[in-house]
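Values below: all heavy atoms of this structure, side chains included; hydrogens, waters and symmetry mates excluded. For clarity, every value in this text was computed on a predicted model and none was experimentally measured. Remember, it's 1-based here, ligands and their atoms both numbered in the order they're listed.
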Amino acid sequence: MEIFLETERLLLRRFTEADVDALVELDGDPEVMRFLTGGKPTPREVVQDDILPAFLQYYARFAGYGFWAATLKATGEFLGWFHFRPHEGASLDEPELGYRLRRSAWGKGYATEGSRALIHNGFTELGVRRVVASTMAVNIASRRVMEKSGLRLVRIYHESWPYPIEGSEEGDVEYAVTREEWEQATLPHDRSTPH
Ligand SMILES: CC(C)(COP(=O)(O)OP(=O)(O)OC[C@H]1O[C@@H](n2cnc3c(N)ncnc32)[C@H](O)[C@@H]1OP(=O)(O)O)[C@@H](O)C(=O)NCCC(=O)NCCS
């Protein structure tokens, strides 16, 4: 098992060909897919023939970027995934953060824990300049994770979307954090001795 990052409770590792069932199950929950496909599950053939192969090819193309399977350190349970990689056509030092976790794993701070570790690694090891993330305006949990991970709202935008759900008319939101902002918020500010 190739571990990419370790946090207090999580391991982020590379996907392998053995992860088809876990991904089919993850994308099979309409609640997980609500803001992604309007709740439609991803067919097994698509996971097997398109999604997983794309995840696997990523590791060869970019060191440090890609899709990472998240497991619980204590039990090895598959929780879902994170991605950290430049959006199609975007600059290499401006990766996009994303996450998708099984419903049983929600509400325990895992998405925030994994996101913070990826952001930290990006700024300290990968030469990242700015991290971006986007979601539907009505996806409050996802927005909260972005905020708790240090990203701030940049813009609201409207794109045509093939899976309209209640609230899609509110559009999408883009969040971001620059290296300077992250350093200011994370690193000790004033090391001068008080007098
Ligand atoms: C988005 C997602 C990854 C969040 O995972 P998570 O591990 O539950 O996130 P965290 O526990 O770190 O934080 C979630 C925060 O959202 C809040 N939240 C969740 N649902 C909420 C809701 N309906 N209204 C208000 N706040 C909500 C939680 O209270 C928590 O904030 P808090 O710590 O201030 O209380 C998870 O819900 C998920 O996988 N959703 C389906 C896939 C998805 O939509 N991915 C994002 C697409 S861009």
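Of the protein's heavy atoms, none falls inside 4.0 Å of atom 35 (O) of ligand 1. For atom 29 (O) of ligand 1, no protein heavy-atom neighbour is present inside the 4.0 Å cut-off.
By the neighbour-count criterion of 12 heavy atoms within 6.0 Å, atom NE2 of His158 is densely surrounded, having more than that number from other residues, nucleotides or ligands. Applying the 6.0 Å contact sphere to CD of Glu166 captures no more than 12 heavy atoms from other residues, nucleotides or ligands.
Relative ring orientation between Phe67 and Phe55 is described as parallel, the plane-to-plane angle staying below 30° on a 0-90° scale split at 30° and 60°.
For the residue pair Ser134 / Glu174, no side-chain donor-acceptor distance below 3.5 Å is found, with atom types taken as modelled. Between the side chains of Tyr175 and Arg152, not a single donor N or O lies within less than 3.5 Å of an accepting N or O.
With hydrogens left out, the protein atom closest to atom 17 (C) of ligand 1 is Arg144 CG, 3.7 Å, a heavy atom. In terms of protein heavy-atom proximity, atom 48 (S) of ligand 1 is nearest to Thr135 OG1, 3.3 Å. Closest to atom 19 (C) of ligand 1 among all protein heavy atoms lies Ala141 CB, 3.3 Å. Ranking the protein heavy atoms by distance from atom 6 (P) of ligand 1 puts Ala111 CB, 3.7 Å first. Val32 O, 3.3 Å is the protein heavy atom nearest to atom 41 (C) of ligand 1. Nearest non-hydrogen protein atom to atom 40 (N) of ligand 1 is Trp106 CZ2, 3.5 Å. Annotation: atom 12 (O) of ligand 1 to nearest protein heavy atom, Thr112 OG1, 2.6 Å. Closest to atom 24 (N) of ligand 1 among all protein heavy atoms lies Ile140 CG2, 3.7 Å.
Screening Asp21, Asp27, Asp49 against Arg44 for a side-chain hydrogen bond (donor to acceptor under 3.5 Å, both in side chains) leaves a single residue, Asp21.
Within the 6.0 Å centre-distance limit, the rings of Trp68 and Tyr59 are counted as a close aromatic pair.
In terms of polar-atom proximity, Gly109 is counted as a contact of ligand 1, with an N or O under 3.5 Å from an N or O of the ligand. Checked by distance only, ligand 1 and Ser142 stay at 3.5 Å or farther apart across all their nitrogen or oxygen atoms.
Residue contacts with ligand 1 for Ala133 are absent, since no atom lies close enough (heavy atoms, distance under 4.0 Å). By the criterion of a heavy-atom distance under 4.0 Å, both the backbone and the side chain of Leu101 are placed next to ligand 1. Proximity of Lys148 to ligand 1, defined as any heavy-atom pair under 4.0 Å, is confined to the side chain (atoms from C-beta onward).
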Discussion item. Using side-chain contact (heavy atoms from CB on, under 4.5 Å), reason through Asn121 and Phe84 one step at a time and then give a plain yes or no.
Written reply: CA-CA 10 Å; Asn121 185 65; Phe84 194 75; over 6 Å; no
Discussion item. Working note: Gln48 + Glu45, criterion side-chain contact (heavy atoms from CB on, under 4.5 Å); need CA distance, chi angles, decisive distance, verdict.
Written reply: CA-CA 5 Å; Gln48 201 167 278; Glu45 317 77 80; 5.6 Å; no
Discussion item. Is there a side-chain contact (heavy atoms from CB on, under 4.5 Å) between Thr16 and Asp19? Walk through the geometry before answering.
Written reply: CA-CA 6 Å; Thr16 75; Asp19 288 312; 3.6 Å; yes
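Not a single heavy atom of Gly98 sits under 4.0 Å from any atom of ligand 1. Note on ligand 1: Gly80 sits outside its first shell, no heavy atom being nearer than 4.0 Å.
Taking a cut-off of under 4.0 Å to the non-hydrogen atoms of Asn139, the atoms of ligand 1 that pass are 43 (C), 44 (O), 46 (C), 47 (C). Close contacts between ligand 1 and Lys108 involve ligand atoms 11 (O) [criterion: under 4.0 Å to a heavy atom]. Atoms of ligand 1 lying under 4.0 Å from at least one heavy atom of Ser134, given by number and element, are 48 (S). Near Gly107, meaning under 4.0 Å from one of its heavy atoms, ligand 1 places the atoms 6 (P), 8 (O), 11 (O).
Closest heavy-atom contact between Leu23 and Val47: CB-CG1, 3.7 Å.
Residue Tyr163 holds its OH atom at 13.0 Å from OG of Ser168, rounded to the nearest 0.5 Å.
In this structure, the side chain of Arg85 does not engage the main chain of Pro95 through any donor-acceptor pair within 3.5 Å.
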